[in-house]
Amino acid sequence: MKLVVVGGHSRNIGKTAVAAAIIAGTRELGWTALKLTQYGHHLCSEHGRACDCAPENPDHPFAISREESREGRTDTSRFLAAGAAEAYWVRTPVGGLGEAMPAIRGLMEGKAYVIAESNSLLRFLRPDAYLVVLDAEIADFKASALESLDRADAFVLVDSGSRCGSWAGVAPSLLDRRPVFRVSRRDYATGEMMEFVLGRVGKGKSKGKN
């Protein structure tokens, strides 16, 4: 199995769009796509709301839904619309991803190519490529992203021009030591990014767009 993980330093910065762009540009690989969401404390993994099951009676330590729609109305539906063979939404409480890992490994079993939108997954798996999406317009930097930042294989800068962000705890020189792909909010992809991903999963050059 080849695993690509797409993470990012905050919410709503284009992680799903980047993952979908990779799927669309390499759809011949028949990706299995995962989106991992961690809810705040005392929220049920089943539906993301307060529930009698937590915290004293944690009946729902995690939840997994298989996406069936290709209409693109949800993040996992966007993965299918982009060309993924399968897509799943995994929900856990903050800090509870470990309980879901046996089930996640089960989803991955027998799959040739898996792409996951997550930062926390790196605590349990070593991907073939870890791409971190950065947006200079957003100052927030999640702790999970900061913890795994030095494991990034490449950075994806969204609509940043020549600017990079200035974030506490992040050395600007870090971006000088990794490939950096600058993408627009129109397509979230470059030919170089596709070639990088395909090289990492051992498939040579992309047949996708440039």
Side-chain angles (χ1 to χ4, degrees), residues 1-38 63-91 103-122 125 127-135 138 145 152-160 179-210:
M1 180 197 76
K2 298 296 184 179
L3 173 63
V4 173
V5 174
V6 178
H9 72 92
S10 187
R11 300 178 61 189
N12 303 319
I13 59 171
K15 298 185 296 294
T16 298
V18 169
I22 291 171
I23 293 168
T26 60
R27 61 174 61 208
E28 68 272 15
L29 300 184
W31 294 96
T32 293
L34 309 177
K35 179 181 176 67
L36 278 62
T37 300
Q38 296 194 72
I64 299 177
S65 300
R66 176 168 178 159
E67 182 62 71
E68 301 292 346
S69 171
R70 293 183 179 269
E71 296 180 357
R73 295 182 179 178
T74 66
D75 288 349
T76 46
S77 180
R78 289 171 67 185
F79 294 153
L80 290 184
E86 301 175 16
Y88 298 89
W89 184 24
V90 182
R91 288 97 70 198
I104 292 173
R105 292 179 187 276
L107 293 177
M108 295 179 173
E109 186 175 0
K111 310 300 183 185
Y113 299 96
V114 177
I115 186 167
E117 180 187 329
S118 172
N119 289 312
S120 300
L121 195 60
L122 270 73
L125 297 174
D128 296 279
Y130 175 44
L131 281 70
V132 177
V133 182
L134 302 173
D135 187 334
I138 298 178
D153 296 300
F155 296 102
V156 182
L157 267 59
V158 180
D159 257 1
S160 61
V180 176
F181 305 110
R182 300 179 185 274
V183 302
S184 72
R185 299 182 196 279
R186 184 179 64 256
D187 55 19
Y188 288 91
T190 68
E192 291 80 7
M193 186 176 81
M194 296 300 181
E195 290 180 12
F196 176 84
V197 171
L198 285 173
R200 283 281 174 159
V201 300
K203 295 299 289 185
K205 292 187 176 181
S206 169
K207 298 178 182 177
K209 61 185 176 181
N210 294 319

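Nothing here was measured: the structure is a model prediction, and the numbers come from that model. Scope of the values below: all heavy atoms of this structure, side chains included, with no hydrogens, waters or symmetry mates.
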**Item:** Student check: side-chain heavy atoms of H9 and D135 closer than 4.5 Å
**Value:** yes
**Message:** Distance check, rounded to the nearest 0.5 Å: D128 atom CG versus M1 atom CE?
**Reply:** 7.5 Å
**Asked** Is any side-chain heavy atom of R78 less than 4.5 Å from a side-chain heavy atom of T16?
**Response** yes
**Message:** For R185, is the CZ atom crowded, meaning more than 12 foreign heavy atoms sit under 6.0 Å from it?
**Reply:** yes
**Prompt:** Are any of the side-chain heavy atoms of L80 and S69 separated by less than 4.5 Å?
**Reply:** no
**Message:** Against K35, only a single residue in T76, D75, T74 fulfils side-chain hydrogen bond (donor to acceptor under 3.5 Å, both in side chains); can you say which?
**Reply:** D75
**Request:** Any chance you could measure T37, atom OG1, to R11, atom CZ, to the nearest 0.5 Å?
**Result:** 9.0 Å
**Message:** Strictly below 4.0 Å, N to O, side chains only: are E86 and K111 in salt-bridge contact?
**Reply:** yes
**Item:** Taking every non-hydrogen atom, the tightest pair across D187 and A21
**Value:** O-CB, 3.6 Å
**Message:** Quick check: do V4 and W31 have side-chain heavy atoms less than 4.5 Å from each other?
**Reply:** yes
**Complete:** What one should report as the nearest heavy-atom pair of F79 and A20 is CE2-N, 4.1 Å
**Contact summary for Y130 and A152, nearest pair of heavy atoms** = CD2-CA, 3.5 Å
**Message:** Measuring from atom CG of L36 to atom CD1 of I104, what distance do you get when rounded to the nearest 0.5 angstrom?
**Reply:** 4.5 Å
**Asked** Can you name the closest pair of heavy atoms from A145 and G8 and give their distance?
**Response** CB-O, 3.3 Å
**Request:** Locate the shortest heavy-atom distance separating P127 from V5; write the atom from each residue and the value.
**Result:** CB-CG2, 3.7 Å
**Message:** Within this structure, what is the CD-OG distance for the pair E67 and S77, rounded to the nearest 0.5 Å?
**Reply:** 4.5 Å
**Any I22 side-chain heavy atom under 4.5 Å of V6 side chain** = yes
**Request:** Evaluate the criterion side chain to side chain contact (heavy atoms under 4.5 Å, CB included) for residue pair I115 and L29; output intermediate values, then yes/no.
**Result:** CA-CA 11 Å; I115 186 167; L29 300 184; over 6 Å; no
**Message:** When you compare the side chain of T32 with that of L107, does any pair of heavy atoms fall below 4.5 Å?
**Reply:** no
**Prompt:** Rounded to the nearest 0.5 Å, how far apart are OH of Y88 and CD1 of I64?
**Reply:** 9.0 Å
**Fill in**
Rounding to 0.5 Å, atoms CZ (F181) and CG (L131) come to a distance of 6.5 Å
**Request:** Kindly indicate, with the supporting measurements, whether the criterion side chain to side chain contact (heavy atoms under 4.5 Å, CB included) is fulfilled by I13 and V158.
**Result:** CA-CA 8 Å; I13 59 171; V158 180; 5.8 Å; no
**Asked** Would a 4.5 Å heavy-atom cut-off, applied to side chains only, mark Q38 and N119 as touching?
**Response** no
**Request:** Check whether any side-chain heavy atom of F196 sits under 4.5 Å from a side-chain heavy atom of R200, and report yes or no.
**Result:** yes
**Message:** Testing V18, V133, D159, V156 one by one against Y188 for a side chain to side chain contact (heavy atoms under 4.5 Å, CB included), which residue passes?
**Reply:** V18
